[in-house]
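What you are looking at is a predicted structure, and each value in this text was computed from that prediction instead of being measured. Residue numbers begin at 1 in each chain, while the letters A, B, ... track the order of the sequences.
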Number of protein chains: 2
Amino acid sequence: MPSKASPPITIDAVYAAPGYLFRRMQQIAVSIFMEECKAFDLTPVQYAALIAIHTHPGIDATRLSAVIAFDRSTLGSVIERLQAKDYVERKPAPEDKRIKLLYLTKPGVAILREIIPAVERAQARMLEPLKPADRKTLMGLMSQLVDLNNEASRVPLRAEDALEHLGKTG
Amino acid sequence: MPSKASPPITIDAVYAAPGYLFRRMQQIAVSIFMEECKAFDLTPVQYAALIAIHTHPGIDATRLSAVIAFDRSTLGSVIERLQAKDYVERKPAPEDKRIKLLYLTKPGVAILREIIPAVERAQARMLEPLKPADRKTLMGLMSQLVDLNNEASRVPLRAEDALEHLGKTG
DNA sequence: TGTTGATTGACAGTATACTGACGATCTAGG
DNA sequence: CCTAGATCGTCAGTATACTGTCAATCAACA
């Protein structure tokens, strides 16, 4: 019985690895989200962006990327798509010509209200196979882990810091 | 205190949602993996593919996609990149002209042996912020959840079924 | 005030993911 | 034997992600 020698090079080791389980669960989560929300033609990322802009009207793209933890580079095209659907509008900031401020349009606010029940269903379905107590345990541990690992991936600002200049809307 | 009326439309609700935590954790996991393995120029997906081919030599692309749970469409380009790095070779199957069988090359086996310690470090780092008991709990719940949700995302075959025709190598 | 350094949004390049479609091929049924 | 349906690899199209770079702009300091 080898106690700690070289681990076996087998796919079974991968199945039990955290990285594999996180990737797989993310796939499943997106799939469930898309299924519940297919009537609305919004991706999880686009949904998160809408919510964040609703919470912080007038936020700029860089701060938005910190608030929902995704890449500045990617965010541009996400916003473009939301603009094309007429859910978001961009206004130049008067005091800083570099910045474009983001606001929800009326249709943007409307779709948000409509989609929320579907999103709630999706979130519930992701955890449905677990017993209620286990769901709570899992979410608690995931929250801790994401929080404590926050600096591990490129997020230029912590969400709280990102909002210092805004009026703390919300 | 409203008990269960319409939920608030706020970004804070998103932060506690399973979908957000899974997406964020996946980002973090990839980031840690790439950091630990940067000397090897292999992505998590490419690593999983190498391991799976090593475990099941002569597997074809469709079955491989089931074994590591990713999309058939995407797999083509992943294999191409592994082929370009001379880690994988593809041989036409004699009895079925549609199929191309996958094998690791000598450099493929070698890089696998070399990268494994780095991968182990990455996997450990992902869970490091948690107490040991909590790590175990989290992995147990994630395994359950992924397993029970397996059909939720498009995986054409369960891994076990996918391997019926192979000699159950491993 | 004038230049340095930081910030913003944009872009190019690479790598996953997923949908839907396609031709080539195999297999079963008639 | 020959056609209908399934399967294999591939490709086009869309959407995330991340690295690195760039011009325009701003802020701060000498």
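Looking at heavy atoms from C-beta onward, A:Ile28 lies out of side-chain contact with A:Met126 at the 4.5 angstrom threshold. Put simply, the side chain of A:Arg81 reaches to within 4.5 Å of the side chain of A:Ser77, judged on heavy atoms.
Through direct or relayed side-chain contacts under 4.5 Å between Ile, Leu, Val, Met, Phe, Trp and Tyr, A:Leu101 connects to A:Ile99, A:Tyr103.
No donor-acceptor contact under 3.5 angstrom links the side chains of B:Asp12 and B:Thr10, judged on distance only. Between B:Arg24 and A:Asn150, the side chains place a donor N or O and an acceptor N or O closer than 3.5 Å (distance only, hydrogens not considered).
Note: CD (B:Glu35) to C1' (D:dT19) measures 14 Å, nearest angstrom. Here D:dT16 presents its P atom at 21 Å from CZ of B:Phe70, a figure rounded to the nearest Å. Taking atom CG of B:Leu64 as the reference point, atom C1' of D:dC8 lies 14 Å away to the nearest angstrom. Separating the CG atom of A:Asp71 from the P atom of D:dA15 is a distance of 18 Å, rounded to the nearest angstrom. What separates CZ of B:Arg63 from C1' of D:dG9 is a distance of 12 Å, to the nearest Å. In this structure, B:Ile79 atom CD1 and C:dA17 atom P are separated by 14 Å, rounded to whole Å. Distance A:Asp60 CG to D:dC26 P: 14 Å, rounded to the nearest Å. Between B:Arg90 atom CZ and D:dC8 atom P there is a gap of 14 Å when expressed in whole angstrom units.
Backbone-only engagement by A:Thr43 is indicated by non-hydrogen atom pairs under 4.0 Å involving sugar-phosphate atoms exclusively. Within the nucleic acid shown, A:Val78 comes within 4.0 Å of sugar-phosphate atoms alone, with no base atom in reach, counting heavy atoms only.
The side chain of B:Gln46 contributes an N or O atom lying less than 4.0 Å from OP1 or OP2 of C:dT16. Residue B:Arg23 places none of its side-chain N or O atoms closer than 4.0 Å to OP1 or OP2 of C:dT16. The side chain of A:Thr62 contributes an N or O atom lying less than 4.0 Å from OP1 or OP2 of C:dG9. Using a 4.0 Å cut-off, no side-chain N or O of A:Gln27 falls inside it from OP1 or OP2 of C:dT16. The side chain of B:Arg72 places no N or O atom within less than 4.0 Å of a non-bridging phosphate oxygen (OP1 or OP2) of C:dC18.
Under a 3.5 Å cut-off, the side chain of B:Arg72 and the backbone N or O of B:Thr62 do not form any donor-acceptor pair. Between the side chain of A:Gln46 and the backbone N or O of A:Leu82, no donor-acceptor pair lies under 3.5 Å.
Comparing B:Gly76 and A:Arg81, the nucleotide of DNA chain D nearest to each residue sits closer to the 5' end for B:Gly76. Between B:Lys85 and A:Ile28, the residue whose closest nucleotide on DNA chain C is further toward the 5' end is B:Lys85.
Scanning atom types as modelled, one donor and one acceptor separated by under 3.5 angstrom connect the side chain of B:Ser73 and the base of C:dT19.
Taking a 4.0 Å limit (strictly below) on heavy-atom distances, residues 96-104 of chain A reaches DNA chain D at A:Asp96, A:Lys97, A:Arg98.
Between the CG atom in A:Leu145 and the CD atom in B:Glu128 there is a gap of 10.5 Å [rounded to 0.5 Å].
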